[in-house]
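Following: one structure in structure tokens, then a few remarks.
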Amino acid sequence: MKILVLNAGSSSLKYQLIETDTQTMLAKGLCERVGSKNSYIKHGADKDERIFHQFMADHEEALRVVFDALTHSDRSTITSIDQIDAIGHRIVHGGDFFDESVLIDQDVIDKIARLSPLAPLHNPPALACIEVCQKLAPGMPQTAVFDTAFFQTLPPSAYMYPLPYELCRVHRIRKYGAHGTSHRYIAHRCAALLGRPIEDLKIVTCHLGNGCSISAVDHGIAVDTSMGFTPLDGLMMGTRCGSIDPAIIPFLIENENLSAAEVNDIMNKKSGLLGVSGISNDVRDVTDAAMSGNERAVLAYDMYAHSIRKYLGQYIVEMAGVDAIVLTAGVGENAERIRRLIFAGLQPLGIVLDQEKNRLRHNGKERFISRDESPVKIIVIPTNEEFMIAQDTYDIVSRLP
């Protein structure tokens with residue numbers, strides 16, 4: 001079955017065409033700066049990737065460009081949209097409506113729209129893509145795969161906030177989490193690499209990139225995660241502050257004469273690595289500055305690692321132990337110095353990093369970076385959310401009459 005996976009952002013559209021029978025990625029690409037006169041599309045994989053400058057006013061035009069690239073490029077594997085069997089959409093926020101991936105119908109569309117205020121950069125463009133696909137490929141099955149679904153198993157003690165109970169119920173205020181598709185994928189890959197059923201394992205999964213989250217997966221079930229009501233909560237990130245004293249918000253409103261929206265913008269777009277370092281939200285740039293002696297970069301770097309260590313320790317205690325710690329995404333996969341800071345001094349907990357393995361370049365491969373004798377295994381696993389979306393889509397569509 002050929003599944004087209006779409007991941008829409010506010011000004012971007014990622015896509016992959018996947019053959020589920022052979023688990024082969026047939027094509028992939030990225031439309032960037034959608035809505036800008038400088039918009040362009042990257043199409044292809046690895047050395048075959050090509051960049052085409054193409055104005056795309058909105059996601060409808062971007063999808064038309066994607067369909068054209070899939071069917072008319074030099075290395076096209078299909079010649080018509082009709083050769084695609086189904087389309088799977090990554091949906092960031094499914095609230096407490098959805099605890100699994102679903103076939104899209106009008107009720108699903110309406111609920112995704114209701115949740116748009118909780119994911120304003122992702123749910124609306126995803127809805128736009130769903131509607132365009134209905135127009136360009138009428139009758140083709142479409143599925144919604146939710147980042148929040150994996151965390152619907154959290155117990156109330158983990159997902160509730162200590163606010164007045166009635167307010168939480170009326171406004172559906174609770175921890176929803178994010179990156180759930182990534183956490184689900186790397187947890188299952190971890191079990192496969194260890195050769196053990198996931199139901200026998202306690203795993204801490206770490207998705208560390210510009211956006212960061214950590215989850216506790218206890219015997220295959222997510223029991224806690226660092227992102228909360230929105231993706232702002234939890235770890236320090238590229239531009240997000242993560243968890244802070246909530247009293248700082250009214251303090252800034254009063255003392256800096258800011259609106260709530262302006263403070264929200266500061267916390268989401270001007271904080272984290274960027275805000276502390278004053279240099280960049282990219283950990284590579286902050287690393288270079290820290291190595292050159294920039295004190296603010298050093299501080300940002302140390303704070304970033306410290307934030308990760310706090311949640312790592314918290315989840316080990318919550319699960320009363322851990323069998324494996326998995327790292328993924330840009331920082332988790334590539335920043336060996338960050339990994340060294342995270343695991344420094346944890347040998348008494350049975351977490352022993354192998355310095356040589358940690359330094360080796362992996363070229364996108366799964367690998368263990370813990371010592372062979374380490375009771376707790378540390379594993380780097382490149383995430384593959386697109387594969388999970390394709391697999392969920394296949395499972396749903398293959399059951400249709």
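- The existence of a salt bridge linking E61 and R64 is excluded, since no basic side-chain nitrogen approaches an acidic carboxylate oxygen closer than 4.0 Å.
- By the 30° and 60° cut-offs, the orientation of the rings of Y176 relative to F229 is tilted.
- Donor-acceptor pairing under 3.5 Å is recorded for the side chains of S213 and H183.
- Not counting sequence neighbours, the partners of N123 by the side chain to side chain contact (heavy atoms under 4.5 Å, CB included) test are I91, V92, H93, I112, L115, S116, A119.
- Summarising the geometry, atom NZ belonging to K269 is positioned 9.0 Å from atom OG1 belonging to T239; distances are rounded to the nearest 0.5 Å.
- Side-chain contact between V397 and L400 is present, with heavy atoms from C-beta onward closer than 4.5 Å.
- Note: Y185 OH to T328 OG1 = 8.5 Å, rounded to the nearest 0.5 Å.
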Practice problem: Take V283 and L208 through the side-chain contact (heavy atoms from CB on, under 4.5 Å) test and state the conclusion after the steps. | Solution: CA-CA 10 Å; V283 81; L208 307 177; over 6 Å; no
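- To the nearest 0.5 angstrom, I81 atom CD1 is 7.0 Å from M140 atom CE.
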Practice problem: Evaluate side-chain contact (heavy atoms from CB on, under 4.5 Å) for I78 paired with L70, printing each intermediate quantity in order. | Solution: CA-CA 7 Å; I78 59 173; L70 289 171; 4.3 Å; yes
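- Residues L154 and Y159 approach most closely at O-CD2, 3.2 Å, considering heavy atoms.
- Contact check on D107 versus K111 returns a salt bridge, with a Lys/Arg side-chain nitrogen under 4.0 Å from an Asp/Glu carboxylate oxygen.
- Note that SG of C206 is 12.5 Å distant from CD of E333, once rounded to the nearest 0.5 Å.
- Residue D105 qualifies as enclosed at atom CG: its count of foreign heavy atoms under 6.0 Å is above 12.
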Quiz prompt | Evaluation steps, side chain to side chain donor-acceptor pair (under 3.5 Å), between Y311 and S243 | solution = CA-CA 11 Å; Y311 277 92; S243 297; 3.1 Å; yes
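- Note: L360 CG to E336 CD = 10.0 Å, rounded to the nearest 0.5 Å.
- Other residues, nucleotides and ligands contribute more than 12 heavy atoms inside 6.0 Å of the CE atom of M160.
- Residue-environment remark: CD (E295) stays at or below the threshold of 12 foreign heavy atoms within 6.0 Å.
- Using a cut-off of 4.0 Å between Lys/Arg side-chain N and Asp/Glu carboxylate O, R367 and D354 are scored as not salt-bridged.
- Residues F67 and V132 have side chains not in contact (no heavy-atom distance under 4.5 Å, counting atoms from C-beta outward).
- A salt bridge links K135 to E60: at least one charged side-chain nitrogen sits closer than 4.0 Å to a carboxylate oxygen.
- Contact annotation: the side chain of S277 never approaches that of N294 to less than 4.5 Å [non-hydrogen atoms, C-beta and beyond].
- Remark: the backbone N or O of S80 is not paired with any side-chain donor or acceptor of T71 at under 3.5 angstrom.
- The shortest distance between side-chain heavy atoms of F98 and T148 does not fall below 4.5 Å.
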